[in-house]
Amino acid sequence: MSLNFRYHVLKSVKPYTIYIPQLSKSTLRVLIQISVHYIETKKSSADVLELAINKIKNAGHEVPKNFCELFTMVLLIMQIYLRYPKGVVKDQELRQCLIDDLCFTDACAEDLTKVLINHRTTLSRNFAETKMERAKMLDVQWRINISLGSTMAQLDKPTIVLHFKLNNGEHRTLELPLSTFQRLRFNVATMLSELQSLQNRPILKHF
């Protein structure tokens, strides 16, 4: 297996593996559908997620408590796989990574592998096109949001609100719990540190 692929999967997806016991075959199929929708349209609105949750409920299945985290995990796996040229990551090696490293059940690993292999050409094309079309951030502002509720517990749970200005004229707002924002801040700091280390390598100083 491409060691880079396995490294990237483990680095990006490992934090979500604690939710894998909640992942059933029926839930995975819905998650794959909305992940493909995101890859094709670069949109994952609350309405799309709500429709997916209702689909699981209407089929008589229990909706996982951490449905959104599982969606993020499946989407990340698909995106990382599609970044690699066809043939670099072998079919059996992809299954092995899902089962041995991420603790997917055999049935779930087989389903996800089949989708990525059988629809590789279309997914790769759509993924490349949406990557080129994605808007870039021009500016970001943030503030702390504290709800004045009737109990002290509500005061102890501030959120961070981020306002993004994009180069296509759009504005986006994202509200995060403090713990999630701290994790985001840590991941960004880690990425910047790794980029700095990479730039300090002698071979790159010639560019």
Side-chain angles (χ1 to χ4, degrees), residues 5-6 8-82 91-120 122-123 126-127 130 145 147 149-151 153-154 156-161 172-184 186-187:
F5 171 75
R6 185 169 178 267
H8 288 146
V9 169
L10 291 176
K11 185 176 179 63
S12 301
V13 179
K14 201 67 174 177
Y16 300 97
T17 56
I18 59 174
Y19 308 118
I20 288 181
Q22 303 176 32
L23 185 64
S24 65
K25 189 172 181 178
S26 56
T27 298
L28 175 63
R29 289 182 173 177
V30 173
L31 291 171
I32 290 174
Q33 289 175 0
I34 58 176
S35 295
V36 169
H37 174 79
Y38 179 83
I39 289 172
E40 292 178 342
T41 66
K42 65 176 182 180
K43 294 178 181 178
S44 179
S45 65
D47 291 339
V48 173
L49 294 177
E50 188 63 31
L51 285 172
I53 291 173
N54 288 335
K55 187 172 184 178
I56 296 175
K57 289 179 179 178
N58 294 336
H61 302 296
E62 183 179 354
V63 178
K65 179 181 179 182
N66 299 96
F67 179 83
C68 291
E69 286 84 355
L70 289 171
F71 163 60
T72 302
M73 178 190 70
V74 172
L75 178 61
L76 282 172
I77 293 171
M78 296 180 72
Q79 288 178 324
I80 294 170
Y81 178 80
L82 294 172
D91 302 350
Q92 186 55 39
E93 292 170 340
L94 173 60
R95 291 188 185 90
Q96 182 182 348
C97 178
L98 294 174
I99 294 171
D100 295 346
D101 296 326
L102 302 181
C103 300
F104 272 52
T105 64
D106 290 352
C108 287
E110 186 67 21
D111 268 10
L112 184 52
T113 300
K114 281 183 177 179
V115 169
L116 288 171
I117 293 171
N118 295 340
H119 302 280
R120 172 66 190 252
T122 302
L123 288 172
N126 292 335
F127 181 59
T130 53
N145 185 38
S147 299
S150 57
T151 65
Q154 290 175 292
D156 291 337
K157 296 181 179 179
T159 58
I160 306 297
V161 181
R172 302 287 177 85
T173 299
L174 180 65
E175 185 171 5
L176 303 171
L178 187 57
S179 58
T180 304
F181 177 76
Q182 294 284 24
R183 189 162 65 246
L184 172 64
F186 173 78
N187 288 335

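Every heavy atom of this structure was used, including side-chain atoms; hydrogens, water molecules and symmetry mates were not.
In this structure, CE on M78 lies 11.5 Å from CG on L76, to the nearest 0.5 angstrom. Interatomic distance, I80 CD1 to L75 CG, rounded to the nearest 0.5 Å: 9.5 Å. A distance of 9.5 Å separates SG in C108 from CG in L98, rounded to the nearest 0.5 Å. Note that CG of L116 is 10.0 Å distant from CG of D91, once rounded to the nearest 0.5 Å. Annotation: the span from I34 atom CD1 to L51 atom CG amounts to 10.0 Å, rounded to 0.5 Å. Considering OG1 of T113 and CG of N118, their distance stands at 10.0 Å, rounded to 0.5 Å.
Of all heavy-atom pairs spanning A107 and K25, the tightest one is CB-CD, 4.1 Å. Taking all atoms of both residues into account, the shortest heavy-atom contact from L123 to I39 is O-CG2, 4.0 Å. Among all heavy-atom pairs drawn from L70 and P64, the shortest one is CD1-CB, 3.7 Å. Contact record, Y81 with F5: CA-CE1, 3.8 Å, taken as the closest heavy-atom pair.
K11 pairs by the salt bridge (charged side-chain N to carboxylate O under 4.0 Å, His left out) definition with E194, not counting sequence neighbours. Judged as a side chain to side chain contact (heavy atoms under 4.5 Å, CB included), and not counting sequence neighbours, the contacts of Q33 are K55. Residues that satisfy the side chain to side chain donor-acceptor pair (under 3.5 Å) test with T105, not counting sequence neighbours, are absent from this structure. Take S179 and apply the side chain to side chain donor-acceptor pair (under 3.5 Å) test, not counting sequence neighbours, and it matches no residue. N145 pairs by the side chain to side chain donor-acceptor pair (under 3.5 Å) definition with E175, not counting sequence neighbours. Checked against side chain to side chain donor-acceptor pair (under 3.5 Å), E62 has no partners two or more places apart in sequence or in another chain.
The salt bridge (Lys or Arg N to Asp or Glu O under 4.0 Å) analysis of residues 102-120, with sequence neighbours excluded, yields the pairs R29-D111, R95-E110.
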Query raised in the report: Between T180 and R183, does a side chain to side chain contact (heavy atoms under 4.5 Å, CB included) hold up when you go through it step by step?
Result: CA-CA 5 Å; T180 304; R183 189 162 65 246; 4.0 Å; yes
Requested in this report: Give the C-alpha distance, both sets of side-chain angles, the deciding distance and a yes or no for side chain to side chain contact (heavy atoms under 4.5 Å, CB included) between F67 and L31.
Outcome: CA-CA 9 Å; F67 179 83; L31 291 171; 3.7 Å; yes
**Report entry** Intermediate values then yes/no, side chain to side chain contact (heavy atoms under 4.5 Å, CB included), I160 and L184
**Finding:** CA-CA 11 Å; I160 306 297; L184 172 64; over 6 Å; no
Can I get a per-line list of side-chain donor-acceptor pairs under 3.5 Å for residues 12-24, giving both atom names and the distance, sequence neighbours left out?
{"residue": "S12", "atom": "OG", "partner": "H8", "partner atom": "O", "Å": "3.0"}
{"residue": "K14", "atom": "NZ", "partner": "D101", "partner atom": "O", "Å": "3.2"}
{"residue": "T17", "atom": "OG1", "partner": "K14", "partner atom": "O", "Å": "2.7"}
{"residue": "Q22", "atom": "OE1", "partner": "K65", "partner atom": "N", "Å": "3.1"}
{"residue": "Q22", "atom": "OE1", "partner": "N66", "partner atom": "N", "Å": "3.0"}
{"residue": "Q22", "atom": "NE2", "partner": "N66", "partner atom": "OD1", "Å": "2.7"}
{"residue": "S24", "atom": "OG", "partner": "S26", "partner atom": "OG", "Å": "3.2"}
{"residue": "S24", "atom": "OG", "partner": "T27", "partner atom": "N", "Å": "3.2"}
{"residue": "S24", "atom": "OG", "partner": "T27", "partner atom": "OG1", "Å": "3.0"}

